[in-house]
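Presented below is the structure to which this report refers.
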Amino acid sequence: MGSAEQRDLAGPTPDTPRHHGQRMPSDPTPERLPADTRTWVEFTDPSDPDHILRCDLTWLTSRWTCIFGRGCPGIYASRPDDGCCTHGAHFSDEDDERRVREVSTRLGADVWQLRDDGLRRGVVETDEDGEHKTRTVDGACVFMNRPGFAGGAGCALHTYALRAGIHPLRAKPDVCWQLPIRRTYRDVTRADGSTYLEITVGEYQARDWGPGGHDMDWYCTDSPRAHVGGQPVYVSNEAELRELVGDPAYDELAQHCQAFLAAQLPLTVHPATAAATAPPR
């Protein structure tokens with residue numbers, strides 16, 4: 001999630017949402033659209049012959065975009081202003097936690113509503129499984145600025161990054177800037193006994209959250225309401241993808257995405273994007 005001040009660094013701005021020149025879909029039904037029909041591409045990482053990228057072209061060429069502050073109903077109906085920040089963010093490793101702790105010391109009261117509480121009581125807590133995560137305060141992440149805050153509602157870390165002229169991925173927890181892109185790893189052994197590391201890049205769907213995903217009242221990637229981006233995901237999230245797979249792999253991935261779009265068949269369009277761009281009945 002971003003902030004009410006957020007500007008998509010490679011796409012539309014929240015105050016001027018674009019929908020290919022069409023209307024914003026109302027998303028009148030809460031059901032999630034099925035998204036199991038996918039087109040994938042596999043290619044060797046130009047930087048490492050022992051790595052093979054497996055990428056979901058259907059997702060990466062979709063028109064998903066973060067709509068926090070411009071129609072996002074939140075993942076829970078009882079907390080519509082939280083976006084996806086109700087539970088706080090789990091850290092991926094010690095470096096991730098260390099970076100967020102350090103950035104938090106730079107935030108002023110003009111960008112962080114709960115600064116006094118965060119500095120006094122800390123920004124990290126341990127969950128029931130012993131994992132470290134950002135602390136929650138009154139039902140949402142400590143960095144979540146509530147509606148009515150003069151500095152703008154949304155993520156204080158995101159707002160700070162934009163004002164400081166740095167990309168938000170340099171300030172936010174890894175899970176926050178990566179979502180809803182999902183990167184996973186798998187060791188594969190070929191029939192001849194040789195091995196390689198498979199790096200999969202795809203959509204972080206609601207079900208990927210585990211059993212908790214079923215408790216969500218709404219989720220953005222399978223909702224037409226959020227498929228209104230002015231650019232496909234591989235372009236609007238270029239910085240994030242470059243960080244995840246490296247520059248050489250991203251450059252090749254972008255070529256595959258461009259070719260896929262040029263030859264795209266209706267059945268290979270992400271179902272939420274197809275619903276969002278369908279003409280009114």
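Checking His51 against Tyr185 by side-chain atom types alone, no donor-acceptor pair falls below 3.5 Å. A donor and an acceptor atom, one from each side chain of Trp64 and Thr273, are nowhere located under 3.5 Å apart. Between the side chains of Glu203 and His270, a donor-acceptor pair is found at a separation under 3.5 Å. Under 3.5 Å, the side chains of His90 and Glu131 contain no donor-acceptor pair of N or O atoms.
Using a cutoff of 4.0 Å between basic side-chain nitrogens and carboxylate oxygens, Arg170 and Glu243 are scored as salt-bridged. In summary, Arg146 and Asp138 do not engage in a salt bridge, as defined by a charged side-chain N under 4.0 Å from a carboxylate O. In summary, Asp127 and Lys133 do not engage in a salt bridge, as defined by a charged side-chain N under 4.0 Å from a carboxylate O. Looking at Glu198 and Arg186, a side-chain N of the basic residue comes within less than 4.0 Å of a carboxylate O on the acidic one, giving a salt bridge. Using a 4.0 Å cut-off between charged side-chain N and carboxylate O, Asp251 and Arg242 make a salt bridge.
Judged by distance alone, the side chain of His227 and the main-chain N or O of Thr221 form a donor-acceptor pair under 3.5 Å. Remark: side-chain polar atoms of Thr58 are paired, donor with acceptor, to backbone N or O of Thr39 under 3.5 angstrom. Although no hydrogens or angles enter the test, the distance criterion places no donor-acceptor pair under 3.5 Å between the side chain of Arg79 and the main chain of Gly74. Side-chain atoms of Trp112 come within 3.5 Å of backbone N or O of Val142 as a donor-acceptor pair. Formation of a donor-acceptor pair under 3.5 Å by the Asp96 side chain with backbone atoms of Asp174 is found in this model. Here the side chain of Asp208 pairs a donor or acceptor atom with the backbone of Gln205 at under 3.5 angstrom. With hydrogens and angles disregarded, no donor-acceptor distance shorter than 3.5 Å links the side chain of Tyr234 to the backbone of His256. For the pair Thr61 (side chain) and Leu57 (backbone), a donor-acceptor distance under 3.5 Å is present.
Between Trp209 and Tyr204, the gap from one ring centroid to the other is short of 6.0 Å.
For the salt bridge (Lys or Arg N to Asp or Glu O under 4.0 Å) with Glu102, the lone residue among Arg99, Arg98, Arg106 that qualifies is Arg106.
In this structure, OG1 on Thr136 lies 10.5 Å from CG on Asp82, to the nearest 0.5 angstrom.
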